[in-house]
Amino acid sequence: MKCALVGNPSVGKSLIFNQLTGLGVEVSNYPGTTVELQQGKLCYRRLPLEVVDLPGVYSLDGDSQEEELVRSYLVNEPPDRVIAVLDATRMERNLYLLLQLAEYKIPTVVVLNMIDEAMEQGLSIDQGKLSELLGIPVVETAASLGQNIDRIVPAAMHDAAVSDLSVPYTPEIEAAVRSLEKLYGAPRLAALQALQGIGHDAPLLEGAQAIATEIEARNHMAPGQIIAANRHLYARQISREVIGAREPDRHFSLDRLLTKSFPGIPILCAVLLSMLIVVFTAGSFLEGLIVDAFSTFVIEPFSALGLPPLLHALGMAALLAIVAGLGIAFPFVFIYYILLSIVEDSGYLTRAAFLADRAMHSLGLHGGAIIPMVMAFGCNVPAVMAAGQLRTTRERTIAAFLITMVPCSARTVIITGIVAAFVGLGAALSVYLIVLVLVVLTGIILARSIPGGQYGMILEMAPLRRPDATLVIKKSWQRIKEFLFIAMPLLLAGSIVLGALDYFGWVAAFSEAVSPVSEGLFGLPAEATTALLFGILRKEMAFETLAVLAGTADLAAVMSAVQLYTFAVISVLFVPCISTIAVLLKEMGAKVTTMVSAYTIALGFFVGALIHLITG
Amino acid sequence: MSSSVREDCLEAILALSGKDCRPVSEAEVGGAVEADTAEVMAALRTLVTGGDITREGEGYMLTPQGKKTAESVFRKHRVLECFLSEMLGMDTGAASKEACVLEHGVSDETIDRLSTYIQGPGRHRSMRRGSGHRPRHTLLDFAEGDTVEVTMIRCTGKNRRLMDLGVIPGEKIILQRKLGNNAVVVTVKGADIALSPEIASTIFAEKAA
């Protein structure tokens with residue numbers, strides 16, 4: 001038995017999913033997309049039950065990636081039950097989606113969530129009437145309080161029903177649907193979709209197109225608009241019948257501050273800056289603890305073993321990789337993801353998007369793109385995937401460039417591990433400043449040089465809510481998992497290979513070969529350039545390799561402050577890591593990937609050489 | 001205009017040539033297509049030049065390319081015919097004639113005539129409004145706190161999400177916030193929606209009473 005959760009974005013769907021399934025959640029990408037599907041299993045009276053959390057959508061007829069996914073999921077692998085999650089405080093718009101959902105004729109149960117918030121706002125909803133009008137059972141829940149969640153599954157199993165609700169469309173739409181049903185034998189749902197240009201049945205689409213053109217010529221409105229208007233009207237009628245009188249709602253005093261230029265923009269800067277500072281300080285503190293513990297309890301005993309030299313060298317390389325990966329990156333990445341999840345789940349990120357709209361416009365993007373940009377601070381890979389959903393090639397190209405320049409947590413590790421630790425906190429922040437300036441300059445130049453129109457943002461501002469701790473941790477854990485299970489083995493393998501190369505003297509030979517360039521151009525010791533090269537594999541590996549090559553974790557002993565600073569700046573700027581390159585290739589194509597790589601290499605080397613030139 | 005005659009000619013040849021694909025003479029085409037003989041002749045010449053039909057002795061034959069076009073016109077004709085009869089309750093003959101004109105893009109007069117005929121009393125108020133008067137104000141012309149009624153949206157195809165969020169003609173929305181660069185927040189159906197300036201400027205509205 002398979003159940004799918006469907007609903008608008010931020011109606012508490014994930015929270016409900018989480019409470020239904022507990023742990024044991026499997027995240028997969030829907031074939032051909034980068035949209036994630038969460039699947040979980042649970043047992044109900046010894047019956048195995050599979051629950052799928054579909055991405056939040058506003059409509060089933062839209063053209064966004066999420067909307068296409070949900071639509072094709074419901075058509076191609078229809079679940080046995082649909083759990084439609086509705087936000088009681090936004091009844092009318094949520095019913096709009098439910099009306100579309102009813103056309104899929106899948107047994108459904110309605111979950112009326114956020115009933116607590118609705119009551120606070122003085123909304124009274126006649127649940128019985130709603131259930132009667134819809135012809136499907138309604139469960140009232142307050143997921144944030146865990147109320148009535150246990151009633152969802154029994155209702156879905158025993159009472160779910162196919163709604164006989166049918167939107168009364170205008171006569172023209174009905175006539176068009178009947179014609180398509182008659183001539184092509186198309187079901188009502190397919191006919192309605194075909195009128196809006198959705199579907200894969202070429203003859204049906206051709207016929208529907210002929211009618212659609214005709215309808216548009218008469219009404220100056222495309223069938224899609226008429227259909228949407230009809231649905232909205234019907235949704236309004238239903239919600240009027242079930243919602244009692246409500247007092248005008250004047251409760252968002254906090255929002256008033258957050259979305260105003262002042263103090264909104266200072267608050268935004270403060271939030272972003274404090275996120276970075278928290279990551280810096282808490283990360284370095286934890287890092288210190290872990291590194292110390294590791295050297296005392298693992299590295300020293302290992303050195304004392306007196307293994308044969310080759311084994312010792314390889315073992316040491318592996319251990320250093322583990323220290324670098326687990327002990328250094330883990331605190332930074334994980335803390336950042338926790339902070340990001342909090343900002344995301346509290347609804348603040350959408351306000352940030354609104355405020356940033358203007359600034360993003362000058363970079364050729366719009367406010368909505370701030371979400372991938374902020375994500376990039378954690379890891380560029382999911383950020384590039386998110387940017388793949390931007391609408392135009394122009395936006396995607398610009399976003400690809402800018403995102404790969406944003407210092408991800410691996411690069412934060414370099415900045416904190418090298419610059420903050422050995423040079424100073426001010427210097428570390430200045431690296432961020434340099435990167436920020438370069439990102440802005442790159443954006444402005446790209447926005448002017450890439451032809452194409454500017455598209456705007458249409459973004460619902462999620463209501464401000466207290467984030468759910470379990471959900472935040474879970475989300476952060478899912479994000480860090482990619483790092484632990486994909487990056488760590490790469491890091492470990494690379495490190496061992498490097499240790500072996502070093503043991504056999506090949507690294508020294510390579511370093512000797514590049515030393516004129518390295519010293520002449522950047523004033524760096526040759527092993528630093530070698531380390532940079534390994535940084536392509538995984539960014540923080542540049543740092544870790546340097547430690548391996550220098551033979552010590554105390555880098556200040558082998559390099560000067562300026563050298564460390566230069567090294568950090570170059571490795572932060574140049575070439576995205578191998579996994580970013582891979583995902584760029586997949587999302588943006590070979591041309592953009594090559595351009596981004598070439599540009600960042602040039603930029604990194606140019607800035608590196610410049611610093612060397614200035615500091616002389 | 002002549003493109004519709006061309007399509008009619010193609011359709012006529014398709015219908016008249018039958019299963020055995022015999023050549024169709026000029027007179028036969030002229031009899032089936034409602035247009036001047038001169039126009040039909042011109043259309044046939046263009047079709048020959050375009051590679052849609054070839055001359056075979058006394059008549060014309062469809063090329064594979066022409067056959068494809070003709071079949072497409074035929075299908076379009078059929079579906080429009082069905083649509084019209086569904087909607088108007090016309091008898092099939094009359095609908096067929098009407099569809100014959102409609103399939104090539106209808107004359108304004110016909111649209112008007114049909115529209116008046118079809119427009120029942122139950123139609124949504126806002127739909128009629130789209131055509132007549134031009135709304136003058138966009139969302140950006142209003143001040144924070146104003147409640148406005150949407151009258152029209154330009155280029156809806158590009159911004160389908162607006163429609164799904166409930167920003168449609170006739171909807172009352174509140175302009176919640178307007179920044180210096182004209183990015184706005186509007187309250188639609190109880191939800192706050194942030195819009196970039198270029199989106200806000202496609203939404204026309206008038207002050208709600």
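Residue numbers start from 1 in every chain, and the chains themselves are labelled A, B, ... in the order their sequence lines are given, proteins ahead of strands. Values below: all heavy atoms of this structure, side chains included; hydrogens, waters and symmetry mates excluded.
With a 4.5 angstrom heavy-atom cutoff, A:Asn8 does not touch chain B via any of its atoms. With a 4.5 angstrom heavy-atom cutoff, A:Ser64 touches chain B only via side-chain atoms. Looking at B:Val184, the atoms closer than 4.5 Å to chain A (heavy atoms on both sides) all sit in the backbone: N, CA, C or O. With a 4.5 angstrom heavy-atom cutoff, A:Ile215 touches chain B only via side-chain atoms. Proximity to chain A (any heavy atom under 4.5 Å) is restricted, for B:Ile199, to the side chain, taken from C-beta onward. Contacts of A:Gln209 with chain B are absent, with no heavy-atom separation under 4.5 Å from either backbone or side chain. Both the backbone and the side chain of A:Glu460 come within contact range of chain B, with heavy atoms under 4.5 Å apart. Within the 4.5 angstrom heavy-atom criterion, no atom of B:Thr202 approaches chain A. Looking at A:Arg351, neither its backbone nor its side chain comes within 4.5 Å of chain B, counting heavy atoms on both sides. Contacts between A:Ala222 and chain B at a heavy-atom distance below 4.5 Å are absent for every atom of the residue. Both the backbone and the side chain of A:Phe354 come within contact range of chain B, each with at least one heavy atom under 4.5 Å from a heavy atom of that chain. With a 4.5 Å cut-off on non-hydrogen atoms, A:Gln196 touches chain B through its side chain but not through its backbone.
Judged purely by atom type and a 3.5 angstrom limit, B:Thr138 has no side-chain atom pairing as donor or acceptor with the backbone of B:Ser201. Between the side chain of B:Lys178 and the main chain of B:Leu140, a donor-acceptor pair closer than 3.5 Å is present. With hydrogens and angles disregarded, a donor-acceptor distance shorter than 3.5 Å links the side chain of A:Ser179 to the backbone of A:Ala175. Proximity of a side-chain donor or acceptor of A:Arg394 to a complementary backbone N or O of A:Ala447 within less than 3.5 Å is detected. No donor-acceptor distance shorter than 3.5 angstrom exists from the side chain of A:Asp357 to the backbone of B:Leu195, with no hydrogens or angles considered.
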(request) Output, in order, the C-alpha distance, side-chain angles, deciding distance and verdict of side chain to side chain contact (heavy atoms under 4.5 Å, CB included) for B:Leu44 and B:Ile13. (result) CA-CA 10 Å; B:Leu44 287 174; B:Ile13 297 171; 4.1 Å; yes
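Within the 4.5 Å cutoff, the side chain of A:Asp61 has heavy atoms near those of the A:Gln193 side chain. Between B:Met163 and A:Ser59, every side-chain heavy-atom pair lies at or beyond the 4.5 Å cut-off.
With chain A as the partner, the residue from B:Val188, B:Leu179, B:Asn182, B:Val185 showing the most heavy-atom pairs under 4.5 Å is B:Leu179. With chain B as partner, the option from A:Pro203, A:Ala228, A:Ser261 having the largest number of non-hydrogen pairs under 4.5 angstrom is A:Ser261. The residue among B:Asp164, B:Val186, B:Val79 with the most heavy atom pairs within less than 4.5 Å of chain A is B:Asp164. Between chain B and the options A:Thr259, A:Val57, A:Thr213, A:Leu355, heavy-atom pairs under 4.5 Å are most frequent for A:Thr259. Residue with the most contacts toward chain B among A:Gly456, A:Ala208, A:Ser239, A:Gly62: A:Gly456 (heavy-atom pairs, distance under 4.5 Å). Comparing A:Glu92, A:Arg178, A:His366, A:Met360 by heavy-atom pairs within less than 4.5 Å of chain B, the highest count is held by A:Arg178.
To the nearest 0.5 angstrom, A:Ile115 atom CD1 is 4.5 Å from A:Ile125 atom CD1.
Each of B:Arg6, B:His77, B:Lys76 was evaluated against B:Glu11; a single residue qualifies, B:His77, per the side chain to side chain donor-acceptor pair (under 3.5 Å) test.
Using bins of under 30°, 30° to 60° and over 60° for the plane-to-plane angle, the ring pair A:His232/A:Tyr96 lands in the parallel bin.
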